[in-house]
A.B. asks: 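Sharing a structure with you now.
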Protein chains: 2
Amino acid sequence: MSEDSAQAPSEGVLQRLGEFAARDRWPAKGWCRIERALEVIGTRSAMLVLRELFYGGTRFDEFTRRTGLSEAVVAGRLKQLHADGIVERRPYREAGKRTRDEYVLTERGRQLFPILVALMQWGETLRDDHRTGVELIHRDCEAPLTVQVRCTDGHRVPLEQGAVRIKDEDYVKSALGRK
Amino acid sequence: MSEDSAQAPSEGVLQRLGEFAARDRWPAKGWCRIERALEVIGTRSAMLVLRELFYGGTRFDEFTRRTGLSEAVVAGRLKQLHADGIVERRPYREAGKRTRDEYVLTERGRQLFPILVALMQWGETLRDDHRTGVELIHRDCEAPLTVQVRCTDGHRVPLEQGAVRIKDEDYVKSALGRK
DNA sequence: CTTCTAACTATGGTTTTCCATAGCCAGAAG
DNA sequence: CTTCTGGCTATGGAAAACCATAGTTAGAAG
């Protein structure tokens, strides 16, 4: 039967398929995309600086003032975000001022947008002081923004209809074999 | 003109509307939903435990073994996730074993799903070893999962079409006034 | 040349996060 | 009653993240 490799249906959670049903076969060690993402944007300071970048902030002093982070931390974070290809530095010049750099999101940085929206959406549910805070909206129709999980065929996918599997079982077997 | 409060169009970033154009009016201090979310799930250990919960893990030793975190950290994180209403404990009993608790996501916990998918999606773009790792798919059609930013009217909203504004400007003014 | 300022860097200390090791405890098995 | 095991707790210490304060530096202005 084709069901023998699937986990016992524990409700409301991803279904594990194939070899991944025996979860231990897959050592997240360096392969998990979540861990990978967190190495880059996994600190509070990184998220707050990113928030300001998405809100249109570009200058060093904006980041310190609006995030409440110390200058040292902001400097370090910008340096790291730059090294990771999330922001780029652009020299610019205001009249009567010296040349300085502004920071703008790269394409890779802009791809973080869904993460920020997802965090805001979930953070909204934590308390009920719904008069404070900001909201994201669609410029055209002014309707609030949300994130949705969909498959590439366009269906909305609630958690109960999701599943996980190892992308390339043959590769994983051979990679684990010679070790 | 209604444009005077909008920021200079810095390309590919959220447009700031209304009072929020002068960003300093809004002190994120305690009001930012992102900060709020990070207070609860802002650590690496919380994310890794959550990953296992979404993959269907329920038992203490699964979490330690599969995340590589120490027992103390897992215990502390489960305690916090429980206090924050993200997991619930359910006593259960295996034949011949003593009673213990398993951990399952609550509804609030399940609402973290888009965050996890968004992180995985972005983490995928960081390196190009595309044979490693797992993928999330739709059970029905087996197409891979993605997160999309949409407005509540159903339009897909790329970053350039997004905007931010303060939810309740009157409230913010009065709240900041008497302080 | 001196002054001023934005954008950093450096230093020291605190807090948070984490690991490793060891110990404890409840209850089923013997 | 003793043993064993899974699920923790306790302790000590290392490392990372962060803050506050105090410089430093490049260039424009005077």
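Only this structure's heavy atoms are used, side chains among them; waters, hydrogens and symmetry mates stay out. Sequence lines set the chain letters: A, B, ... in the order given, protein chains first and strands last, and positions in each chain run from 1.
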A.B. asks: For residues 139-151 of chain A, which residue pairs pass the salt bridge (Lys or Arg N to Asp or Glu O under 4.0 Å) check, not counting sequence neighbours?
C.D. replies: Glu142(A)-Arg165(B)
A.B. asks: Please identify each residue that fulfils side-chain hydrogen bond (donor to acceptor under 3.5 Å, both in side chains) with Arg66(B), with sequence neighbours left out.
C.D. replies: Asp24(A), Glu62(B)
A.B. asks: Keeping to residues at least two apart or across chains, list the ring-ring contact (aromatic ring centres under 6.0 Å, His included) pairs with something in residues 119-144 of chain B.
C.D. replies: His155(A)-His138(B)
A.B. asks: So, using salt bridge (Lys or Arg N to Asp or Glu O under 4.0 Å) as the criterion, who are the partners of Arg127(A) when residues are at least two apart?
C.D. replies: none
A.B. asks: Take atom CG of Leu69(B) and atom C1' of dC8(D), then tell me their distance rounded to the nearest Å.
C.D. replies: 15 Å
A.B. asks: Output all residues satisfying side-chain hydrogen bond (donor to acceptor under 3.5 Å, both in side chains) with Glu52(A), sequence neighbours left out; order by chain, then residue number.
C.D. replies: Arg23(B)
A.B. asks: Can you name the side-chain hydrogen bond (donor to acceptor under 3.5 Å, both in side chains) partners of Thr132(B), sequence neighbours left out?
C.D. replies: Arg33(A), Asp129(B)
A.B. asks: Give, ordered by number, those residues of residues 41-49 of chain A having at least one heavy-atom distance below 4.0 Å to an atom of DNA chain D; if nothing qualifies, reply none.
C.D. replies: Thr43(A), Arg44(A), Ser45(A)
A.B. asks: Residues in ring-ring contact (aromatic ring centres under 6.0 Å, His included) with Phe63(A), at least two apart?
C.D. replies: none
A.B. asks: Rounded to the nearest Å, what distance is computed from the CZ atom of residue Phe63(B) to the P atom of nucleotide dG6(D)?
C.D. replies: 16 Å
A.B. asks: So, Glu107(B) and Arg110(B), do they make that salt bridge, N to O below 4.0 Å?
C.D. replies: yes
A.B. asks: How many whole angstroms separate atom CD of Glu39(A) from atom P of dC18(C)?
C.D. replies: 13 Å
A.B. asks: Round to the nearest Å and state the distance from Leu38(A) atom CG to dC18(C) atom P.
C.D. replies: 10 Å
A.B. asks: Which residues pass the side-chain hydrogen bond (donor to acceptor under 3.5 Å, both in side chains) test with Thr43(B), sequence neighbours left out?
C.D. replies: Ser45(B)
A.B. asks: Atom NE2 of His82(A) to atom P of dA7(C): distance rounded to whole Å?
C.D. replies: 17 Å
A.B. asks: Enumerate the protein-to-nucleotides 2-6 of chain C contacts in which both atoms are nitrogen or oxygen and the separation is below 3.5 Å.
C.D. replies:
from	atom 1	to	atom 2	distance (Å)
dA6(C)	O3'	Arg100(A)	NH1	2.6
dA6(C)	N3	Arg98(A)	NH1	2.9

A.B. asks: Can Glu35(B) and Arg44(A) be counted as an ion pair, charged N to O under 4.0 angstrom?
C.D. replies: yes
A.B. asks: Can you name the side-chain contact (heavy atoms from CB on, under 4.5 Å) partners of Ala143(A), sequence neighbours left out?
C.D. replies: Cys141(A), Cys151(B), Thr152(B), Asp153(B)
A.B. asks: Going 5' to 3' along nucleotides 8-15 of chain C, which nucleotides have protein heavy atoms under 4.0 Å from the base (write B), which only from the sugar-phosphate (write S), and which from neither (write -)?
C.D. replies: BBB-----
